[in-house]
Trainee: 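Below you'll find the structure I mean.
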Amino acid sequence: MTTPWWRSSVGYEVYLRSFADGDGDGVGDLRGLRDRLDHLAWLGVDVAWVTPFYPSPMRDHGYDVADYCDVEPVFGTLADVDAVVARCHELGMRLVIDLVPNHTSSDHRWFQEARSSRDNAFRDYYIWRDPADDGGPPNNWVSNFGGPAWTLDERTGQYWLHLFLPEQPDLNWENPSVADEFDAILRFWLDRGVDGFRIDVAHALVKHPDLPDNPPAEAGSRWALMDEAAALERLYDVDQPGVLDIYRRWRKVVEPYAGLLLGEVYLLDIDRLAAYVRDQDGLHLSFWFKPLYVQWDPAAIRDVLAHAAAAAPDGLAWVQSSHDRSRAVTRFGGGERGRARALVFATLLMGLPGVPFVYQGEELGLEDGRVPVELAQDPVALRGGPTAKSRDGCRTPMLWEPGEGYGFGSTTPWLPFGDRSDADTVAVQRDDPDSMVHRYRALVRLRRERTDLHDAPLEWLHEEGPVVAYRRGGTLVAANCGEQRHSAPLPAGTWEAAFCTDRQSEGRSHVRELALAPTEAMILVAAETTARRG
Ligand code: NOJ
């Protein structure tokens, strides 16, 4: 077997609506993306994941798909997708697109047909049930976006299931026609040259056939976006037997194209998540989201990384930010402190087996943008009220150049920039060798060049203390996640600092021990391997 292309890759998430507006309507689009791909190439990333661009009524900003084989005009055309694919390939990058197989938009032709009558040929594409005896929903499941997971269709007298908005009806994956449809959808995009798929809510496609009530959660789950969703244990609506068979089938479809299947498996129990990638016969990779919930505490950080890396070797995509959660800089305390911690965390992720992903703007050290309530766009914010964890703040537009509009586009963007300054832009940071964007670039490049970081075994170095460190062959990653300066022992030999969060410390040699300032991280290279590997 040849080594898959993603083994040595660094990924980058493009949240399309907020990346670059090519046609001046305030919404990021494919033309804008194409013209800004050079930034990704300059940064050194290998694979771009772009969020959904399909026709959609945008109730959930594109995660409500009305046609899987076309493009929403606000984002461009099929020809624009081709142009993005071509430009990516020209720049030596790959393109992964977002696939949303758990649910469609209620505007999708399948759902329009399905709800027209109980005996319509598409009825069984979705999950319908009679009302409970009291006329209420068939069970107690709740939507991730608040309220019951069921909505009554007055005309046909049955409820449809939706784990998200009522306008995002869940597909019925027990129906073989649904599986056939998706085989064709995968091929449609692979034939156009895309290199793989990020699979939305990949753990939820199969539901328990009896649809039993979910039991109350013992200790409310702190990762749910809404309080109601946090109150139930997700025992029967996600992570059901059979879901992996879908990816086993897809694997056969993508393999002739060397296509990547990257799941959004939103399970924070690594042992359950690992089942999706362990045998490498279904998904190639899954995102691991628990780092998005970790406190700034060395033991917690070591645990969330080490445990996962051991449970799912080579099968994880590592992130510390995304379009669904508060940005790492904000979570880690904001300001300079938050920025320093986020860079340390990025350093730790960059050396692990699997694929690290950077979320757009992370490389600029952005915190969440401030979005006034009256400008809220996220359905979570609109429906959830003050306790909901709005996703608008992490979705504010990219900052390319100084000055009005920040080079994003020529008109007021769909979300405000959120209190930014010229120093936050790509252009200003590119002129400053000490800036965050240069630190990220150095990190990404090192990840690419050090083959140890693609294939050498992973060995954790200290079981306790403020320094979180691991070694992969002749490369060592160490981070002081404590509040004091600390010296940690080094393995035998001379170690040269090839990357430091503080650029001034790069190039120095260390023997026997490594002294790290608080919130400082380094990637060190064994001196003899420097000579051997060049
Ligand atoms: C996960 C996506 O990342 C999120 O943005 C979306 O709202 C849900 N899945 C529903 O599709």
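Reckoned from all heavy atoms, side chains included, excluding hydrogens, waters and symmetry mates. Quick note: residue numbers are just sequence positions, from 1. Atoms within each ligand, like the ligands themselves, are counted from 1 in listed order.
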Trainee: I'd like to know if Arg198 contacts ligand 1, where contact means a heavy-atom distance under 4.0 Å to any ligand atom.
Mentor: yes

Trainee: Using modelled atom types and a 3.5 Å cut-off, is there a donor and acceptor pairing between side-chain atoms of Gln360 and backbone atoms of Ser18?
Mentor: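 Pair found, side chain donor or acceptor close to backbone of Ser18.
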
Trainee: Counting each atom of ligand 1 from 1 as listed, which ones have a heavy atom of His103 under 4.0 Å away?
Mentor: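 Under 4.0 Å from His103, ligand 1 has these atoms: 10 (C), 11 (O).
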
Trainee: Give the minimum heavy-atom separation between Ala275 and Leu244, together with the two atoms involved.
Mentor: O-CD1, 3.4 Å

Trainee: So which bit of Arg59 gets within less than 4.0 Å of ligand 1, heavy atoms only: side chain, backbone, both or neither?
Mentor: neither

Trainee: Validate the cation-pi geometry between Arg94 and Trp6: distance from NZ or CZ to the six-membered ring centre under 6.0 Å, angle to the ring axis within 45°.
Mentor: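 No, Arg94 does not lie over the aromatic ring of Trp6.
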
Trainee: Do Ile270 and Lys290 come close enough that some side-chain heavy atom pair is under 4.5 Å?
Mentor: no

Trainee: Starting from atom 7 (O) of ligand 1, what is the nearest protein heavy atom, named by residue and atom, and what distance separates them?
Mentor: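 Heavy-atom neighbour on the protein nearest atom 7 (O) of ligand 1: Asp60 OD2, 2.6 Å.
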
Trainee: One thing to verify: whether Arg198 and Asp200 come together as a salt bridge, which I'm taking to mean a side-chain N less than 4.0 angstrom from a carboxylate O.
Mentor: yes

Trainee: Can you confirm if the NZ or CZ of Arg129 lies within 45° of the ring axis of Trp150 and under 6.0 Å from the centre of its six-membered ring?
Mentor: no

Trainee: Considering non-hydrogen atoms of the protein only, which is the closest contact for atom 8 (C) of ligand 1, and what is the distance?
Mentor: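 Nearest protein contact, heavy atoms only, for atom 8 (C) of ligand 1 is Phe164 CE2, 3.8 Å.
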
Trainee: If the threshold is 4.0 Å, N to carboxylate O, is there a salt bridge linking Arg272 and Asp239?
Mentor: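 Yes, charged N to carboxylate O under 4.0 Å.
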
Trainee: One residue to check: Phe287. Relative to ligand 1, which of side chain, backbone, both or neither has a non-hydrogen atom less than 4.0 Å away?
Mentor: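 No part of Phe287 comes within reach of ligand 1.
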
Trainee: Hey, are Arg395 and Asp392 close enough for a salt bridge, meaning a charged N less than 4.0 Å from a carboxylate O?
Mentor: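 Looking at Arg395 and Asp392, the cut-off is not met.
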
Trainee: Please list the nearest protein heavy atom to atom 3 (O) of ligand 1 with its residue and the distance rounded to 0.1 Å.
Mentor: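 It is Asp324 OD2, 2.4 Å.
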
Trainee: In the protein, what heavy atom is nearest to atom 1 (C) of ligand 1, and what distance, to one decimal place, separates them?
Mentor: Asp200 OD1, 2.9 Å

Trainee: Using a 4.0 Å cut-off to any heavy atom of Arg395, which atoms of ligand 1 qualify?
Mentor: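 Counting from 1, the qualifying ligand atoms are 5 (O).
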
Trainee: In ligand 1, which numbered atoms sit nearer than 4.0 Å to a non-hydrogen atom of Phe145?
Mentor: 7 (O)

Trainee: Side chain, backbone, both or neither: which part of Arg391 comes within less than 4.0 Å of ligand 1 when only heavy atoms are counted?
Mentor: side chain

